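Bear in mind that the values here come from a model prediction, so they are computed numbers and not experimental data. Chain letters run A, B, ... following the sequence lines, proteins first, then strands; residues in each count from 1.
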Number of protein chains: 2
Amino acid sequence: MYSNFTVDCVILGFHEGELKVLLAERNEYPFKDWWALPGFFVDNDEEMEDAVKRILYENTGLKDVFMDQLHSFAGLKRHPKGRILTVAYYALVQLDNTKLKTKPVTNYMKQAKWFPVRNVPELAFDHKQILDLCLERLQRRLAYKPIAFELLPEKFTLTQLQLVYEGILNKTLDKRNFRKKMQNYGFLKELDEVQTGVAYRAARLYKLDKRKFLKHFQNTVAF
Amino acid sequence: MYSNFTVDCVILGFHEGELKVLLAERNEYPFKDWWALPGFFVDNDEEMEDAVKRILYENTGLKDVFMDQLHSFAGLKRHPKGRILTVAYYALVQLDNTKLKTKPVTNYMKQAKWFPVRNVPELAFDHKQILDLCLERLQRRLAYKPIAFELLPEKFTLTQLQLVYEGILNKTLDKRNFRKKMQNYGFLKELDEVQTGVAYRAARLYKLDKRKFLKHFQNTVAF
DNA sequence: TCAAAAGTGTTAACTTTACACCCATGG
DNA sequence: CCATGGGTGTAAAGTTAACACTTTTGA
């Protein structure tokens with residue numbers, strides 16, 4: 001039994017040097033055949049976060065991902081059938097090649113597909129607005145939440161980390177300054193391992209020390 | 001005709017060197033006689049922001065105040081009668097002595113009263129959680145939204161401004177450093193006026209140049 | 001041996017922090 | 001003339017920004 005409100009998910013991954021968002025092609029009116037953020041009604045006896053997890057699983061096959069609430073939208077005209085309140089979330093997944101193939105298992109959508117966040121097709125409802133808000137928030141939260149790390153595998157190189165920062169901030173950064181700053185924070189653990197399978201000099205791998213990260217940023221506000 | 005969701009408002013003002021929140025004493029079950037954030041069901045044909053404005057007006061007699069959405073709460077157990085989704089907002093008002101007297105005009109509450117934000121009575125529902133989240137958000141947003149200025153009259157002294165910053169950040173700041181920094185930003189207009197009615201040297205008055213403020217902070221993110 | 005990306009240091013500009021006294025005013 | 005808060009500068013420490021070349025590796 002469905003409640004009267006929905007959740008919509010901005011599911012983000014990082015692939016080929018780009019930030020990507022998972023969109024679903026709708027198979028239902030209104031906006032049939034349009035691309036939209038994955039979302040659906042929350043069940044009556046279901047916690048909102050569990051609905052987000054369910055939608056995430058239905059669309060990507062993934063569980064246990066980082067998520068955070070974004071904003072709620074309840075405009076009287078946002079849905080042609082009358083006001084439907086939606087609570088927007090974002091979720092960050094570790095996209096590798098094995099996870100690129102999506103397999104939507106519901107019948108209210110035809111397919112799901114990853115798009116570069118700054119090059120999406122026209123979206124249903126107010127979903128473009130939701131996506132834009134999400135990107136703006138990520139830029140701010142990047143400074144005090146482990147957002148970049150949730151988009152990367154457990155072990156990563158500094159170049160990969162820099163590319164994620166650049167993708168979210170939508171600008172290029174200086175390599176030396178970036179590495180110096182990251183290493184000075186003290187929450188990166190340098191591993192005794194290097195990349196494998198590359199045709200050039202293999203880069204050192206690092207891990208996030210989440211305890212130190214959170215400690216570092218828990219009280220970071222202006223002044 | 002009411003919709004099935006509510007808005008709850010963290011209404012904040014600044015008075016006597018302290019950040020204060022307006023609380024309402026409930027006159028209805030559940031939580032009859034408890035203090036709570038002002039809030040109510042949104043009407044079916046009413047925009048959510050208009051509901052917030054309505055509640056604000058009912059509780060304070062004020063219109064045209066700064067407000068912003070905070071977060072939505074939809075826990076299955078947050079309301080004893082079953083899940084009721086609420087969208088929490090905060091609103092910032094310019095509290096002067098003429099506005100301190102509150103006059104709730106609804107019958108679902110007995111009275112409204114201003115409390116220091118860090119010394120509130122036990123609150124109904126999950127309202128303490130909402131208030132705490134609000135204070136945390138304000139600390140972050142203070143750095144890039146004109147929050148402090150919305151709590152002050154149009155013309156204010158630098159000491160008043162510093163007190164607001166201190167109230168929100170919940171710590172004391174160095175007077176010289178604060179003034180230097182604020183004046184360097186360049187968004188304060190120094191007026192040719194000074195305070196009146198004080199028994200000591202009158203302080204210079206300033207105004208916010210909102211255009212310059214927004215320009216200054218529109219692109220402020222880490223790196 | 002070449003192509004590709006890894007890795008590395010210094011300097012100048014700017015920002016932040018710490019700190020204490022004299023001044024102007026009204027009562 | 002005194003109590004109260006208004007107003008002001010400097011130096012040291014820390015952070016950010018700009019900038020280019022050598023090294024390692026696998027194919």
Just how far, in rounded Å, is [atom2] of [N] from [atom1] of [X]?
{"X": "B:Gln160", "N": "D:dG6", "atom1": "CD", "atom2": "P", "value": "9 Å"}
{"X": "A:Phe178", "N": "C:dG9", "atom1": "CZ", "atom2": "C1'", "value": "18 Å"}
{"X": "A:Asn184", "N": "D:dT16", "atom1": "CG", "atom2": "C1'", "value": "12 Å"}
{"X": "A:Lys181", "N": "D:dG14", "atom1": "NZ", "atom2": "C1'", "value": "13 Å"}
{"X": "B:Met182", "N": "C:dT17", "atom1": "CE", "atom2": "P", "value": "13 Å"}
{"X": "B:Leu163", "N": "D:dG6", "atom1": "CG", "atom2": "C1'", "value": "13 Å"}
{"X": "A:Gln162", "N": "C:dA6", "atom1": "CD", "atom2": "C1'", "value": "12 Å"}
{"X": "B:Leu173", "N": "C:dA18", "atom1": "CG", "atom2": "P", "value": "11 Å"}

Ignoring hydrogens and angles, state whether a donor on the side chain of [X] or [Y] is under 3.5 Å from an acceptor on the partner side chain.
{"X": "B:Tyr206", "Y": "B:Glu154", "result": "no"}
{"X": "B:Asn184", "Y": "B:Lys181", "result": "no"}
{"X": "B:Gln69", "Y": "B:Tyr90", "result": "no"}

Side-chain donor-acceptor pairs under 3.5 Å in residues 191-203 of chain B, sequence neighbours left out?
unit_1, atom_1, unit_2, atom_2, d
B:Glu193, OE1, B:Lys155, NZ, 3.3
B:Glu193, OE2, B:Lys155, NZ, 2.8
B:Gln195, OE1, B:Ala203, N, 3.0

> When you check every protein heavy atom under 4.0 Å of nucleotides 7-13 of chain D, what one-letter string (B, S, -) results, 5' to 3'?
Replying inline: BBBB---

>> To the nearest 10°, give me the bend of the helix from C:dT1-D:dA27 to C:dG27-D:dC1, comparing the axes of its five terminal pairs at either end.
In response: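 Computed angle between terminal axes is 10°.
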
>> Which residues pass the side chain to side chain contact (heavy atoms under 4.5 Å, CB included) test with A:Asp50, not counting sequence neighbours?
In response: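 Side chain to side chain contact (heavy atoms under 4.5 Å, CB included) list for A:Asp50, sorted by chain: A:Glu46, A:Glu47, A:Lys53.
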
>> For B:Leu163, give me all partners under side chain to side chain contact (heavy atoms under 4.5 Å, CB included), at least two apart in sequence or on another chain.
In response: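 Only B:Phe14, B:Thr159, B:Glu166 meet the side chain to side chain contact (heavy atoms under 4.5 Å, CB included) criterion with B:Leu163.
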
> Does A:Leu123 reach the side chain of A:Gln129, with side-chain heavy atoms less than 4.5 Å apart?
Replying inline: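 The answer is no; the side chains never approach within 4.5 Å.
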
>> I need the full list of salt bridge (Lys or Arg N to Asp or Glu O under 4.0 Å) pairs touching residues 142-153 of chain B, with sequence neighbours left out, sorted by first then second residue.
In response: B:Asp68-B:Lys145, B:Glu150-B:Lys210

>> Please check: side-chain N/O of A:Arg137 versus main-chain N/O of A:Leu70, any donor-acceptor pairing under 3.5 Å?
In response: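 Between the backbone of A:Leu70 and the side chain of A:Arg137 there is a qualifying donor-acceptor contact (under 3.5 Å).
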
